[in-house]
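To start, the structure under review is shown below, and the notes come after it.
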Amino acid sequence: MASILVSAGLFFWRFGPILRTILRSRRDVDFSLHPIGRRVWDFFWEVLCQGKVIQQRPLPGLAHAFVFWGFLAFALVSLNHLALGFGIGFLPPASIVGNFYFLFAAAWALLVAISITGLFVRRFFVRPIWLGRKVSYESGLIAFLIFLLMVSYLAAFFVEEGGTTVKALWWTHTLALLIFLPLIPHTKHLHLVLSPVTVFLKRDGFSKIPPLAGDEDFGLIAGKDLTRLISLQTYSCVECGRCTEHCPASTTGKVLNPKEIILGLRTYLNEFGPSSDTPLLTESRIASPDNPPEKYLSMEAAFECTTCGSCEFQCPVGIQHVPVIVGLRRGATNTGAWEDNYGTKLFLALEKNGNALGLSATERDKFIQKQAFPIFDGTQEYCLWLGCMGGYDPKGREIIADFARVMQHLGTSFGVLKKEKCTGDPARRLGNDLVFQTLAENGLKAFETAKVRKIVAICPHCVRTIATDWREFGVAPEIEHHSEFMARHKDRLPKQNGESIVYHDPCYLGRYQEIYDEPRAVVSQAGLLVEAPRSHERSFCCGAGGGLAFLGEEQGERVSHVRARELAGTGAQIVGTACPFCNTMFRDALTAVSDTPPQLLDIAQLTARALPASQTQRESLPTDSGGVH
């Protein structure tokens with residue numbers, strides 16, 4: 001009994017400071033338990049069913065799931081084992097219930113023993129690079145203790161009762177259990193305690209950026225700015241490296257590693273606490289092996305994120321990396337600590353010209369006049385949102401013009417706003433809240449003045465920003481992506497027996513908005529759909545998101561080149577896109593990675609090429625406008 005009390009006491013002694021750190025962190029201003037139904041479902045699917053763990057890494061995921069389910073099945077056995085130390089055992093082996101349950105637990109013990117052995121071999125011998133360069137020997141000890149717990153339990157079925165061997169096995173099982181408990185708080189196995197809570201309490205909405213707490217809140221600058229959800233997620237990290245494995249920055253030689261961002265926050269909290277004024281970001285990374293990293297939170301790393309959301313989608317314990325990284329950017333940008341010539345030029349362009357390309361609004365006016373687009377006057381069904389790319393980029397203009405032809409073919413009335421400014425997406429993702437708020441409020445006012453009821457846009461970034469990010473300042477009219485519009489009317493669009501088309505899932509259309517089937521329905525109308533090796537939720541980023549399209553050259557290999565090589569490698573004749581930013585990034589990348597690059601077309605262009613010729617053919621579009629880097 002004394003040993004049990006000591007073990008439990010050591011656990012709470014080591015866990016107490018972590019719990020206090022989480023509770024002493026700043027409150028999350030936007031936290032709400034609603035919708036409770038979604039939280040219950042996420043808990044059921046991600047925790048109890050281990051759905052994400054298995055789905056994204058089937059073999060090791062299944063092994064992990066067996067360990068988890070085995071622990072659940074073994075819980076009554078362990079509690080009964082500890083209760084016997086107090087003389088209050090509740091599962092007598094001779095009873096029908098007890099006999100059945102001990103045999104039931106034995107089956108799970110065998111599965112756990114096999115699974116934990118496989119996971120041990122993978123971590124210590126196979127050692128995938130994303131698990132980290134430094135091996136945690138405490139993790140190895142815990143794996144051994146779990147194996148010992150299972151084996152000592154199973155062995156008891158094959159020895160005679162009452163002998164010294166049974167006593168030895170009992171003490172082996174007991175000591176393994178008592179040693180295991182206090183080790184949990186200071187290892188990655190703390191996720192056994194925290195991750196169910198983290199999954200249940202994580203912020204509602206994919207990669208949702210929280211509002212600032214007030215005029216004195218500028219983002220994540222120091223420890224005192226870290227919120228309870230961030231601290232909880234930081235201590236829940238299981239160090240599995242799934243975020244690293246799928247991060248476009250990490251896999252192309254950049255400094256950024258989303259796992260080390262989270263572990264860096266944990267290191268900071270352990271060293272300085274949640275009330276510290278010590279800056280979170282350093283100018284550059286101090287090289288060290290990870291697990292945990294030393295002062296990893298560098299400015300360079302924070303601004304290499306494309307905000308693609310792969311890290312958050314892959315994380316099995318509910319960590320939301322993108323809001324944390326954007327929070328760090330906010331702290332650096334809003335206080336002037338981040339100095340970048342491209343970033344400064346972008347913000348000035350947004351403030352002065354109202355578009356990310358920095359061109360005069362008269363360029364957009366000329367395009368509208370050339371295409372003879374009607375101005376939205378409140379009588380048309382749709383407001384066609386051009387966006388920065390559709391209004392100013394040459395290729396984006398071609399996409400808009402072709403989509404307008406599709407709408408005209410369907411007999412759908414539409415108009416464009418006489419004046420239109422950027423949604424503020426790049427400013428939002430780069431952390432400039434003042435510029436973003438100004439643009440969002442301007443956009444909401446423009447929609448209200450024009451009496452807009454429904455919007456359609458070719459850019460997933462615009463759709464996401466208007467529908468979700470603008471909600472801090474008001475609710476915009478209903479908005480949809482052009483893939484949704486065309487998919488809904490696909491039976492009225494021409495069926496083509498055309499070339500093979502590999503479709504690229506844009507991050508902001510797929511992971512952010514879960515729109516996968518609609519663009520594929522449009523592509524299937526235009527030709528033979530080919531899937532890329534990484535598609536749907538696992539699609540690889542084009543490299544443009546998070547404002548990076550405007551920040552100049554990348555270090556390491558270009559993200560767009562990696563994806564372009566993958567798309568060209570399918571052998572498809574056409575690369576189909578559904579985002580003007582993706583289209584822009586692949587424009588040069590396909591030529592760079594292939595001597596005979598496939599044709600690059602947006603899904604609107606794929607559809608429009610089969611429409612009957614109209615009396616007013618599309619004129620040649622000007623090509624003297626600037627583009628993204």
Side-chain angles (χ1 to χ4, degrees), residues 206-207 209 306-309 346 349-350 353-357 359 361 364 367-368 373 376 382-393 395-397 399-401 403-404 407 414-417 419-430 435-447 450 452 454-486 506-515 518-519 542 544-550 577-585 602-604 628:
F206 186 81
S207 290
I209 301 170
T306 66
T307 66
C308 72
L346 170 65
L350 290 170
N353 302 104
N355 67 84
L357 278 67
L359 298 174
R364 177 179 179 273
F367 169 62
I368 291 172
F373 288 156
F376 188 85
Y382 279 95
C383 171
L384 175 58
W385 179 262
L386 304 187
C388 296
M389 301 302 287
Y392 298 94
D393 177 71
K395 191 68 174 181
R397 288 177 172 182
I399 296 169
I400 280 286
F403 179 57
M407 296 184 79
F414 70 91
V416 300
L417 292 180
K419 292 184 179 180
E420 179 188 283
K421 292 188 176 182
C422 178
T423 63
D425 166 72
R428 174 69 154 176
R429 311 300 159 189
L430 288 171
V435 170
F436 170 70
Q437 180 175 348
T438 302
L439 292 169
E441 290 175 344
N442 183 287
L444 287 166
K445 185 177 179 180
F447 286 145
V452 174
K454 289 196 295 185
I455 312 163
V456 62
I458 65 168
C459 180
H461 295 258
C462 293
V463 175
R464 162 72 184 203
T465 304
I466 291 173
T468 302
D469 295 82
W470 280 15
R471 285 184 176 272
E472 285 184 35
F473 311 105
V475 180
E478 176 188 341
I479 184 169
E480 68 177 341
H481 187 250
H482 71 315
S483 65
E484 298 175 280
F485 176 88
M486 289 190 289
C507 304
Y508 273 70
L509 188 64
R511 280 185 291 270
Y512 272 79
Q513 300 178 72
E514 298 182 345
I515 297 174
E518 290 86 344
C542 74
L548 266 63
F550 306 99
T577 61
C579 171
F581 281 103
C582 296
N583 198 295
T584 294
M585 298 304 285
D602 183 86
I603 56 173
V628 295

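One-based numbering along the sequence shown.
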List the atom of P460, the atom of P580, and the distance in Å for their closest heavy-atom pair.
CD-CD, 4.3 Å
What residues, two or more places apart in sequence or in another chain, satisfy side chain to side chain donor-acceptor pair (under 3.5 Å) together with K419?
none
Kindly compute the distance separating CG (L359) from SG (C388), expressed to the nearest 0.5 Å.
9.5 Å
Side chain to side chain donor-acceptor pair (under 3.5 Å) with S483: which residues, sequence neighbours excluded?
H481
Salt bridge (charged side-chain N to carboxylate O under 4.0 Å, His left out) involving E484 - partner list, sequence neighbours excluded:
none
Looking at side-chain heavy atoms only, is the closest gap between I399 and M389 below 4.5 Å?
no
Applying side-chain contact (heavy atoms from CB on, under 4.5 Å), can you list everything that pairs with S207, at least two apart in sequence or on another chain?
E312, V322, Y512
For D602, the side chain to side chain donor-acceptor pair (under 3.5 Å) test, sequence neighbours excluded, returns H482
Counterpart residues, side chain to side chain donor-acceptor pair (under 3.5 Å), relative to D469 (two or more places apart):
R428, R429
Taking only residues two or more places apart in sequence or in another chain, which ones pass salt bridge (charged side-chain N to carboxylate O under 4.0 Å, His left out) with R364?
E420
Dump the intermediate steps for side-chain contact (heavy atoms from CB on, under 4.5 Å) on T465 and Y508, then the final yes or no.
CA-CA 10 Å; T465 304; Y508 273 70; 5.7 Å; no
Step through it carefully: locate the ring centre of Y382, locate the ring centre of F485, and say whether they are under 6.0 Å apart.
yes
Pair up each side-chain donor or acceptor in residues 438-446 with any protein partner under 3.5 Å, not counting sequence neighbours, and list the distances.
{"from": "T438", "atom 1": "OG1", "to": "L434", "atom 2": "O", "distance (Å)": "2.9"}
{"from": "E441", "atom 1": "OE2", "to": "Q437", "atom 2": "NE2", "distance (Å)": "3.0"}

Just to verify, what does F414 make a ring-ring contact (aromatic ring centres under 6.0 Å, His included) with, not counting sequence neighbours?
none
Could I get the full list of side-chain contact (heavy atoms from CB on, under 4.5 Å) partners for C507, not counting sequence neighbours?
C308, R511, C541
With distance as the sole test, does R397 use its side chain to make a donor-acceptor pair with the main-chain N or O of G391 at under 3.5 Å?
yes
Hits for ring-ring contact (aromatic ring centres under 6.0 Å, His included) against F376, two or more places apart or cross-chain, chain-then-number order -> none
Heavy-atom pair with the smallest gap, counting every atom of I458 and G390:
CD1-CA, 4.3 Å
Distance check, rounded to the nearest 0.5 Å: D425 atom CG versus T307 atom OG1?
7.0 Å
Taking D393 for its side chain and K395 for its backbone only, find out whether a donor-acceptor pair lies under 3.5 Å.
yes
Quick one: do L357 and F550 satisfy side-chain contact (heavy atoms from CB on, under 4.5 Å)? Show the steps, please.
CA-CA 8 Å; L357 278 67; F550 306 99; 4.1 Å; yes
Flag the pair L509 / R464 as yes when at least one side-chain heavy-atom distance between them is below 4.5 Å, and no otherwise.
no
Let me confirm one number: the CE-OG1 distance from M585 to T577, rounded to the nearest 0.5 Å.
13.0 Å
Heavy-atom closest contact (H461 atom, C579 atom, distance):
CD2-SG, 3.8 Å
Within the 4.5 Å heavy-atom criterion, are V416 and I400 side-chain neighbours or not?
no
Indicate the atoms forming the closest heavy-atom contact of F206 with G309, along with that distance.
CZ-O, 3.3 Å
Please report the shortest heavy-atom distance between L417 and C383, naming the atom on each side.
CG-SG, 3.8 Å
Between the CD1 atom in I479 and the SG atom in C462, the distance rounded to the nearest 0.5 Å is 7.0 Å
Closest contact, heavy atoms only, I515 versus E518
CG2-OE1, 3.4 Å
Aromatic ring proximity, centroids under 6.0 angstrom, F367 and Y392:
no
I455 versus F447: any side-chain heavy-atom pair under 4.5 Å?
yes
Euclidean distance, F436 CZ relative to T423 OG1, rounded to 0.5 Å
7.5 Å
Look only at the side chain of W385 and the backbone of V463, and say whether a donor-acceptor pair between them is shorter than 3.5 Å.
no
